[in-house]
Amino acid sequence: SKIYNFGLKNLYNINLDQTILDDQVFEKLKSLYLSGKLRSIQTDIFKNFNSLNEINLKMYNFKNFFHKIGIEWMTYLNYN
């Protein structure tokens, strides 16, 4: 698949996981935009996104977002 840019707006209590961001479908993804309220982020969701170089987060409450979800998922950015 040749999807380079992808965005989701007005999220509400979504679990960002493989069912939404399948690495087979988004293998060429370079830019990701997310806005709203996430419930969780699958820890290794970005492990196979080798082309991803931009994530734009516009969260409802940024402080609560990082407090609740944590930053462990960031360790898988540019994993390879």
Side-chain angles (χ1 to χ4, degrees):
S1 181
K2 293 188 178 186
I3 300 172
Y4 299 107
N5 302 301
F6 182 70
L8 295 169
K9 290 180 158 183
N10 301 320
L11 299 171
Y12 185 74
N13 284 334
I14 299 295
N15 296 317
L16 187 62
D17 59 19
Q18 194 74 19
T19 60
I20 294 174
L21 284 180
D22 186 304
D23 59 359
Q24 300 284 325
V25 175
F26 294 102
E27 65 182 339
K28 303 285 186 190
L29 188 66
K30 291 184 178 192
S31 177
L32 177 64
Y33 173 83
L34 301 170
S35 77
K37 186 176 182 183
L38 290 174
R39 182 182 306 150
S40 67
I41 296 178
Q42 179 182 322
T43 303
D44 64 347
I45 188 72
F46 298 114
K47 184 175 183 178
N48 296 318
F49 288 81
N50 300 324
S51 299
L52 186 64
N53 59 26
E54 177 183 2
I55 299 175
N56 186 332
L57 297 173
K58 186 176 181 183
M59 296 293 107
Y60 175 70
N61 186 322
F62 216 67
K63 182 179 176 183
N64 286 347
F65 167 75
F66 280 111
H67 180 71
K68 179 180 177 184
I69 293 177
I71 59 171
E72 187 177 351
W73 58 273
M74 288 184 191
T75 62
Y76 288 92
L77 294 172
N78 304 115
Y79 191 75
N80 294 329

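The structure presented is a predicted model; accordingly, all values stated were derived computationally and were not measured.
Atoms OH and NZ, from Tyr12 and Lys37 in turn, are 5.0 Å apart once rounded to the nearest 0.5 Å. Note that the CG atom of Leu29 and the CG atom of Asp22 stand 12.0 Å from one another [nearest 0.5 Å].
Phe49 and Tyr33 fall into different hydrophobic clusters, where Ile, Leu, Val, Met, Phe, Trp and Tyr side chains are chained together by heavy-atom contacts under 4.5 Å. The hydrophobic clustering, which links ILVMFWY residues whose side-chain heavy atoms are closer than 4.5 Å, places Ile71 and Leu38 together. Grouping the Ile, Leu, Val, Met, Phe, Trp and Tyr side chains by contacts below 4.5 angstrom, directly or via other members, places Leu8 with Val25.
Between Phe26 and Leu32 the shortest side-chain heavy-atom distance does not fall below 4.5 Å. Within the 4.5 Å cutoff, the side chain of Leu16 has no heavy atoms near those of the Leu11 side chain. For the pair Met74/Phe66, a side-chain contact is recorded, criterion being any heavy-atom separation below 4.5 Å from C-beta on. Leu77 has its side chain within reach of Ile55: a pair of non-hydrogen atoms, C-beta onward, lies under 4.5 Å apart.
Heavy atoms only, all atoms of each residue included: Leu52 and Ser31 are closest at CD1-N, 4.0 Å. When all heavy atoms of Gln18 and Gln42 are compared, the closest pair comes out as N-OE1, 2.9 Å. Scanning all heavy atoms of the two residues, the minimum distance from Lys68 to Arg39 falls at CE-O, 3.7 Å. Considering every non-hydrogen atom in both Lys9 and Ser35, the closest pair reads CA-OG, 3.3 Å. When all heavy atoms of Ser40 and Asn15 are compared, the closest pair comes out as OG-OD1, 2.8 Å. The two atoms that bring Ile45 and Leu21 nearest to each other are CD1-O, 3.8 Å, heavy atoms only.
Counting non-hydrogen atoms of other residues, nucleotides and ligands closer than 6.0 Å to CD of Glu54 gives a total above 12.
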query: Is there a side-chain hydrogen bond (donor to acceptor under 3.5 Å, both in side chains) between Glu27 and Asn48 once you walk through the steps?
result: CA-CA 7 Å; Glu27 65 182 339; Asn48 296 318; over 6 Å; no
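Using a 30° and 60° split on the angle between ring planes, Trp73 and Phe46 fall in the tilted class, from 30° to 60°.
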